[in-house]
Amino acid sequence: MPQRYSLAAIILHWAIAALLAFQIAVGWALGGLGARGFALYQLHKSVGITILALTILRIVIRYWKPRPPAKEGGWQGALASGVHFGLYAFMLAAPLTGWALVSTAKVKVPTLIFGVLPLPPLPLPASAHEAFENGHGLIAWIGIALFLLHVAGALRHHLLIGDGLIWRMVPGRSRALLLALPALILIGFVIGRAIVPAGNAPASGAESAPDADWGTAAGNEAQAINAAAAAPEAPAANAADNGSEAADENVAAAPAAWSVQPGGTIHFSVGNDGETISGNFSKWAARIVMDPDRPETADIQVTIDMASASVGDAYKDGMLPNEEFLAAAAHPTATFTAKGAEATSPGRYQANGTLTLKGVSKPQTIRFSLSGAGATRRVRGIASIGRAAFGVGNGESSGSLAPQVAVTFDFSAKRQD
């Protein structure tokens, strides 16, 4: 019988141990991070599936390659065998229950292993989610207990009995490796703790205001946008003017219709514990009728495709269409409509209208500026939207998001003659 485990078994033993220490360090912190822990949660899942794959490989090698005989019999040997069996069960059950609780979660977050390999959800009923969640936590604590028993047993053999058992997991009886390999476990734990976000960051400016106004972070951004606009334009040409005066000077010409030109953008951003999550809608359309000299004539309608929302991250983009956020399947579009606007200063306007989002209609104000002259104008502006009023971000993963979402728009419009 061999006196040492195979090199493959040794490598897998220490690699899995280091990854488990990392998982324990990260797992302790995930529950209290909310949306701040999103990226870390994805990494936790990726490492968990890696441990599952390595454990299956370790089991195959265990029965393929001869291994050293047991050092002890009796109850001590039975206890050692029980701990070993329990560790293998833990290394399988922990990632499997994690996979199960992700698969049964209300918010379906796509899982990409290390951002590359998609992991399909398990075909399990959503009603089992709580059981898997509780089981995953319990298994983690059992695993920690087994881990400590395993370490205690190894130290007992090496320091008290002195039978050299620990050398079976150290290549070449190297004393340097005897120190370096167990240190990997500590390193894994330290790295796990180091990458956990610090305590709650100060609330973002958007959280301090109860409604959408110039005092909010979104309002300040709007001021910057409007301040950057060009100087007030000359009065727009009357679309109905043919060079002669109207018979009745009290009858104003009909306001012009404007067509939105390609290349415009609608962006959104929301505070997330001191950070900012930003994205855009790639599909939207607008119908605008307005005489800039008579803003009360404005008739505005903007329709946004909710499924086109993106923040540039595959995980988060997979969450946006779900019921917790935009509910794109049940409510595929959001619409803003306004009849009339008012000038707040030369070239700057405010329109009070209605936003319909997720089937909920609420009053909404937008502020915008016009620059340019003649038949083409540039339109830039902002709205600050209270997400709770529309049920956007109504789940556990949204707990650290700011209450106000800033929506900015920038596009060119051409007058239809």
Side-chain angles (χ1 to χ4, degrees), residues 204-226 229 255 258 260 264-271 276-290 292 295-309 320 324-328 330-345 348-370 379-394 398 401-411 413:
S204 66
E207 296 184 31
S208 62
D211 52 23
D213 207 335
W214 294 103
T216 63
N220 293 334
E221 186 177 357
Q223 287 182 318
I225 291 172
N226 288 332
W258 301 78
V260 175
T265 59
I266 296 182
H267 292 286
F268 60 87
S269 61
V270 61
T276 301
I277 298 174
S278 300
N280 66 83
F281 295 99
S282 61
K283 295 180 180 179
W284 55 277
R287 180 180 61 80
I288 303 171
V289 175
M290 179 178 171
E296 67 277 4
T297 63
D299 186 353
I300 302 169
Q301 179 175 307
V302 181
T303 303
I304 303 174
D305 184 345
M306 291 291 95
S308 72
L320 289 177
E324 181 179 1
F325 293 97
L326 301 179
H331 307 285
T333 61
T335 304
F336 173 78
T337 59
K339 298 285 188 180
E342 60 179 312
T344 57
S345 63
R348 302 176 192 172
Y349 305 87
Q350 174 177 301
N352 298 315
T354 300
L355 175 64
T356 301
L357 173 62
K358 290 185 71 173
V360 178
S361 296
K362 297 285 185 180
Q364 180 63 51
T365 297
I366 65 171
R367 293 167 172 82
F368 61 97
S369 67
L370 299 179
V379 184
R380 288 182 287 181
I382 195 165
S384 183
I385 301 172
R387 61 181 181 82
F390 299 95
V392 176
N394 55 15
S398 310
L401 294 179
Q404 299 296 126
V405 179
V407 177
T408 61
F409 49 91
D410 187 344
F411 59 89

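The chain is numbered in sequence order, starting from 1.
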Closer than 3.5 angstrom, by distance alone: can the side chain of [X] be matched with the main-chain N or O of [Y] as a donor-acceptor pair?
| X | Y | result |
| --- | --- | --- |
| Arg387 | Val392 | yes |
| Lys358 | Ala334 | no |
| Arg367 | Thr344 | no |
| Tyr349 | Leu370 | no |

How close do [X] and [Y] get, counting heavy atoms only, and between which atoms?
| X | Y | result |
| --- | --- | --- |
| Ala286 | Val302 | CB-CG2, 4.1 Å |
| Trp258 | Met290 | NE1-O, 2.8 Å |
| Asp305 | Ser308 | O-OG, 2.7 Å |
| Ala328 | Met306 | CB-CB, 4.1 Å |
| Ser269 | Thr276 | CB-CG2, 3.8 Å |
| Phe325 | Leu320 | CB-O, 3.4 Å |

For the [atom1] atom of [X] and the [atom2] atom of [Y], what is their distance to the nearest 0.5 Å?
| X | Y | atom1 | atom2 | answer |
| --- | --- | --- | --- | --- |
| Leu357 | Ile304 | CG | CD1 | 8.5 Å |
| Leu326 | Thr333 | CG | OG1 | 11.5 Å |
| His267 | Phe409 | NE2 | CZ | 12.5 Å |
| Asp410 | Ser369 | CG | OG | 8.5 Å |
| Phe368 | Ile288 | CZ | CD1 | 8.0 Å |
| Gln364 | Asn352 | CD | CG | 9.5 Å |

Query - Leu401 vs Ile277, side-chain contact (heavy atoms from CB on, under 4.5 Å): CA-CA, chis, key distance, verdict - result: CA-CA 9 Å; Leu401 294 179; Ile277 298 174; 4.0 Å; yes
Report summary line: Residue pairs passing the side-chain hydrogen bond (donor to acceptor under 3.5 Å, both in side chains) test with at least one member in residues 277-290, sequence neighbours excluded, are none
Report task. Start with the C-alpha gap between Thr297 and Val289, add the side-chain angles, then the distance that decides, and say whether side-chain contact (heavy atoms from CB on, under 4.5 Å) holds. Result -> CA-CA 7 Å; Thr297 63; Val289 175; over 6 Å; no
**Report entry** Set of salt bridge (Lys or Arg N to Asp or Glu O under 4.0 Å) partners for Lys339, sequence neighbours left out
**Finding:** Asp299
Query raised in the report: After noting the C-alpha distance and the side-chain angles of Gln301 and Thr337, does the key distance pass the side-chain contact (heavy atoms from CB on, under 4.5 Å) rule?
Result: CA-CA 4 Å; Gln301 179 175 307; Thr337 59; 3.8 Å; yes
Requested in this report: Using the test ring-ring contact (aromatic ring centres under 6.0 Å, His included), find all partners of Phe336 that sit at least two apart in sequence or belong to another chain.
Outcome: none
Query raised in the report: So Phe268 and Phe281, would you call those rings parallel, tilted or perpendicular, with 30° and 60° as cut-offs?
Result: tilted
